[in-house]
Amino acid sequence: MTHIAQMAQPDPFLKSENLYFVPVLRQRLTFAALVRQALEVLETEREWSKAEDLIAVALPKSVERPLKDAINHLNAANQPTVSLIVAHMPGVGSREIFPVTPCDAMIEATRVACERECPLEFIDLETSPANILRGPCIKDPNWADDTLVSLIGIRKYVELVEPYFSVPPARAEPLDTWREVFIAQRLRTLAPLWRRILVVCDAGLVRSIQHYVRQPSVILIPQANETQPIPWSFKVVQQLNLRTLLGYLDDYPRLVERYEDARNWGGASAFRKDRELMDVVLAFAEGARDLDLSTRQHQAFGNFLRNILKFERRLCPMPLTLYGAAASCYGRAFAERLYCYLAGYQTQVKTERISSPTSTSVKFTLADKPSLSKYQTRSCNPVPPSYRELRVKTPVPQEKNEANSFLRWSPQEEHKIAMQSRLHRLIKSTHQKNKTNQYRGSIEMGIEVRRTLRSRLRGERVLYVKSVVARRDELAADREPILWVLSEAFDQPWGAQSGHVGESTSGKFTATRGGDFLIGYMEFAERDSDGAAAHRLSPMEDPSRKLVYMQRCGLLAFAAPCRTEEQARNIYGDTLEFRVPNHSHFEHPCGCVHRDYAALARSGDSWIEIALRTALKYAERAVIVVAPVGLSIASRMLEIARESGKRLINVPLSSFSRGDLKKLTTTYYYKPDGEPDAEAERSFSIIMRSYWD
Amino acid sequence: MSDFFETGRGLRVFLSEPSAIPETNFVGRQRELELCKASFAITDSWNFDESLSPLHFRLEGNPGVGKNELVYEIARQLAKTLGLPFYSIQGHEEMTPEDLSVLVVPDPEEEGPLGLRLRASPLATALYVGGLFFFDEINRVPERALTPLASVLDKRQSLYSATTGLVIEPRDPISKKRFRFCCAVNPRIGEAGRATLPDYIDERTLPVIEVRPHDLQTLREILRRNVINDDSLLDSFAEWYEAEIAAELSARQAIALVTYAFRTRGLEESGAAALRRSASHFVRAAQLRPKGERQA
């Protein structure tokens with residue numbers, strides 16, 4: 001590919017004297033940009049003149065007025081929406097569809113002509129609306145990626161795809177021959193009248209049209225009398241069903257939106273789908289600070305995608321390939337956000353990830369209820385839409401707890417409880433200790449080879465075996481406090497946020513006397529250099545800008561994984577008040593702190609030490625500390641623990657997977673400021689879905 | 001190929017023997033195979049594309065879904081086209097860093113009071129000769145044992161042995177280009193909160209290629225090729241599968257079930273009856289959830 005990139009940029013059109021053909025595939029973004037490139041190239045030779053140059057579009061004349069009306073509406077709208085012009089034969093019921101979408105080359109050509117007030121001709125054959133049912137005609141996995149046009153040029157691309165257009169179902173006879181002859185006839189009539197004609201026509205017809213234009217012996221088709229009224233009528237439909245809509249938004253609807261933005265600032269001709277897509281992925285990756293993606297992940301993704309694309313002989317990946325590569329290298333949480341973002345379009349198509357029985361899928365929602373169920377079009381989209389609408393029963397997420405000003409989705413809390421449960425199982429299974437003993441008649445757990453070899457080297461010739469010693473006491477680890485040290489921000493001052501017992505799950509606990517409630521956990525947030533703990537998500541992930549996330553540097557869990565206060569009472573019985581703290585005993589000099597340690601918090605002692613003291617106060621026999629390897633607990637803390645008759649059990653943080661720790665470290669909030677925001681809740685649900693897996 | 005190499009100090013390091021590649025019929029998994037080939041920069045004709053950078057991919061999937069079979073298929077094809085040797089190692093909780101680098105092992109053939117020789121691990125051998133290395137169940141291995149892997153999986157492509165002080169590197173530039181590493185993870189181990197990959201290995205073994213259970217059609221073909229080419233029994237299996245179990249049966253479980261049903265079938269017993277009888281044992285033993293329970 002390298003040597004191709006170094007060649008001169010090929011012409012974006014096929015030239016036949018003063019006819020500049022731009023062969024296009026319908027509703028493909030690359031070709032909309034190609035029309036702009038063709039105009040730009042022609043304008044560099046000579047400025048486009050309203051008196052001498054013409055744009056000719058292979059659409060029937062009768063559709064010109066309704067199309068221009070629809071395009072005026074498209075241009076005027078802040079958010080251009082896809083619509084259809086339906087040609088309808090009264091009393092017969094047959095219809096033909098003309099999509100109006102920004103990613104269509106013919107629409108682009110018409111829009112440019114309207115915007116610049118340039119001469120425009122519609123040169124296709126008038127045919128009465130008929131049931132020309134053309135579904136996606138190309139399902140060949142070897143169909144050439146249309147992005148290749150920007151690399152190899154339109155001439156070579158047409159050569160690649162021509163064989164498909166010479167046979168059914170892409171070719172419909174005799175209609176296509178009639179159209180080719182008619183268009184050629186029109187061009188032969190127009191060519192002498194204009195200096196240059198930019199002809200935008202279907203790629204499958206262009207060769208024949210060029211041939212017929214050069215052949216004077218072709219039988220002319222009598223032209224229809226332009227004053228004779230046509231027996232069919234047109235209407236514009238703006239409420240489309242999902243399948244139809246997605247068929248007219250290329251592979252990535254969001255890129256169609258970005259093309260529209262590029263049009264507005266004059267960058268349409270330079271728009272390249274593959275580069276734009278990678279820009280989006282990069283921007284998304286940079287914006288996903290809460291996921292803390294690494295350089296190695298970026299490198300792996302870039303290399304993996306490049307290898308796959310070379311394998312598939314494509315420049316631009318298909319959505320599922322992109323999703324798979326992103327999930328493989330960045331993880332599913334990022335891949336799903338990216339996929340949902342790319343599959344949406346303006347306000348017309350919104351997306352939401354759902355879990356189906358067999359795989360993850362994206363659920364689409366339409367802004368408007370559709371009013372059109374079937375369609376036929378004379379020019380088929382050669383590549384079927386990549387997205388499929390699934391009808392599956394989606395599990396209803398657990399209710400949000402609305403008693404708190406922070407709306408916390410259950411999945412985050414369920415994950416926290418699951419991590420605690422795993423920790424308890426881990427502690428139970430590691431209460432055995434490995435030892436090495438001299439052989440006394442039993443091989444026990446096997447020969448300890450290294451120690452035996454070392455003894456031979458020393459000349460002792462002693463056989464050593466491995467044995468396991470069970471600990472005498474079994475700790476009820478599931479009822480002891482757990483301190484998670486999630487980052488190495490050990491010196492952060494105290495600033496804790498307390499959480500109610502059972503507040504976030506289906507069992508609600510209502511606070512009484514203002515501040516009297518059982519504290520299930522306390523969390524400590526990392527603060528940046530400005531002292532801020534909460535950070536907003538990127539605009540791409542959260543257009544509402546109401547979602548925030550925090551990175552916990554620590555989490556102190558008191559209660560056993562229970563969902564209600566009643567459960568807590570059942571577990572702890574009469575010792576509840578000694579085992580689970582009550583918020584009424586806490587002061588708030590800087591976040592929640594037990595009154596016994598408020599002075600330490602005021603004097604700026606580190607959060608770890610205050611948290612450990614608090615945990616030891618409510619522990620029965622031990623405090624479990626899950627921390628990075630290398631964390632050394634201050635000797636005075638060990639002394640305090642010893643004096644109280646309690647111990648500290650260390651569990652390395654590396655016992656848990658990176659993904660699980662990430663979910664525990666990053667906590668998301670949606671804080672409504674008045675009326676519920678559907679956009680914010682939708683964005684929040686996309687983020688929370690990753691917790692369901 | 002010589003079975004040892006000599007270091008600059010004149011030490012002999014004996015190489016491991018390549019692993020035998022099972023001769024099995026590879027069925028299905030075409031998409032996963034394509035992704036593995038893309039990761040390894042393998043062309044359609046099973047050669048290496050030197051213009052692309054190879055990656056050290058990681059297969060994730062429950063036991064019995066075909067992770068090893070994928071690797072064996074790659075190994076088979078590369079052995080045919082490139083003569084690439086295949087090495088593999090099974091991860092376990094008792095592994096040490098020496099198991100991955102160079103081991104000091106007894107050698108009764110050596111003269112002297114203490115017969116010892118240096119033996120390169122399968123990983124070190126694959127790195128040295130430029131072979132394909134597969135690390136199965138890598139997440140069972142304790143973190144400290146994986147530390148030598150870090151330098152293998154980045155641009156250094158070298159392996160340090162603390163016991164012997166040796167640094168193992170590819171013997172020539174061709175071996176350096178041909179070396180390929182992949183690993184497999186059983187995520188169910190990780191769910192217990194133990195034996196997860198450390199960050200620096202997790203990031204070096206990207207991309208992650210997920211291997212899900214087979215669909216019914218592929219399962220049926222696997223059974224037909226590996227167990228019995230009996231349509232009535234396979235039809236019975238398909239009926240039972242669709243009625244009772246969905247999306248949880250691994251290929252290994254299916255092979256065991258159908259093999260057992262076929263071998264224990266009574267003279268008067270139909271294939272369907274034998275399968276249902278056998279299935280009741282397997283559902284309990286394998287802790288599969290019947291479809292009715294899953295939908296409740």
* Structure fact -> Checked B:A41, B:P54, B:S53 vs chain A; the most non-hydrogen pairs under 4.5 Å come from B:S53

* Asked: When the ring centroid of A:Y439 is compared with that of A:Y464, is the distance short of 6.0 Å?
  -> no

* Tell me, for A:F311 versus chain B, whether the close heavy atoms (under 4.5 Å) come from the side chain, the backbone, both or neither. => side chain

* Could you tell me which portion of B:E143 (side chain, backbone, both or neither) has an atom closer than 4.5 angstrom to a non-hydrogen atom of chain A? => side chain

* Asked: Is the closest side-chain donor-acceptor distance between B:E221 and B:Q217 under 3.5 Å?
  -> no

* Structure fact -> So, the part of B:E60 with a heavy atom under 4.5 Å from chain A: the answer is neither

* Answer yes or no for A:R306 and A:F301: cation-pi contact, defined as NZ/CZ to six-membered ring centre under 6.0 Å and angle to ring axis within 45°. => no

* Tell me, side chain or backbone of B:L35 under 4.5 Å from chain A's heavy atoms, or both, or neither? -> both

* To do: Identify which part of B:D49 has an atom lying under 4.5 Å from any heavy atom of chain A, answering side chain, backbone, both or neither.
  => side chain

* A:F656/A:W484 under ring pair (Phe, Tyr, Trp, His ring centres under 6.0 Å): CA gap, chis, key distance, verdict -> CA-CA 12 Å; A:F656 299 88; A:W484 297 84; 5.4 Å; yes

* Asked: Sub-3.5 Å donor-acceptor pair from the side chain of B:S151 to the main-chain atoms of B:R156, do we have one?
  -> no

* To do: Decide whether B:T43 and B:K37 meet the rule of one side-chain donor and one side-chain acceptor closer than 3.5 Å.
  => no

* Looking at B:D44, B:I209, B:D215, B:D202, which has the largest count of heavy-atom pairs under 4.5 Å with chain A? -> B:D44

* Asked: At a heavy-atom separation under 4.5 Å, does B:R31 approach chain A through its side chain, its backbone, both, or neither?
  -> side chain

* Asked: Counting only heavy atoms not in B:K177, do more than 12 fall under 6.0 Å of its NZ?
  -> no

* To do: Quick one: which of A:I308, A:N307, A:V449 has the most heavy-atom pairs under 4.5 Å with chain B, could you say?
  => A:N307

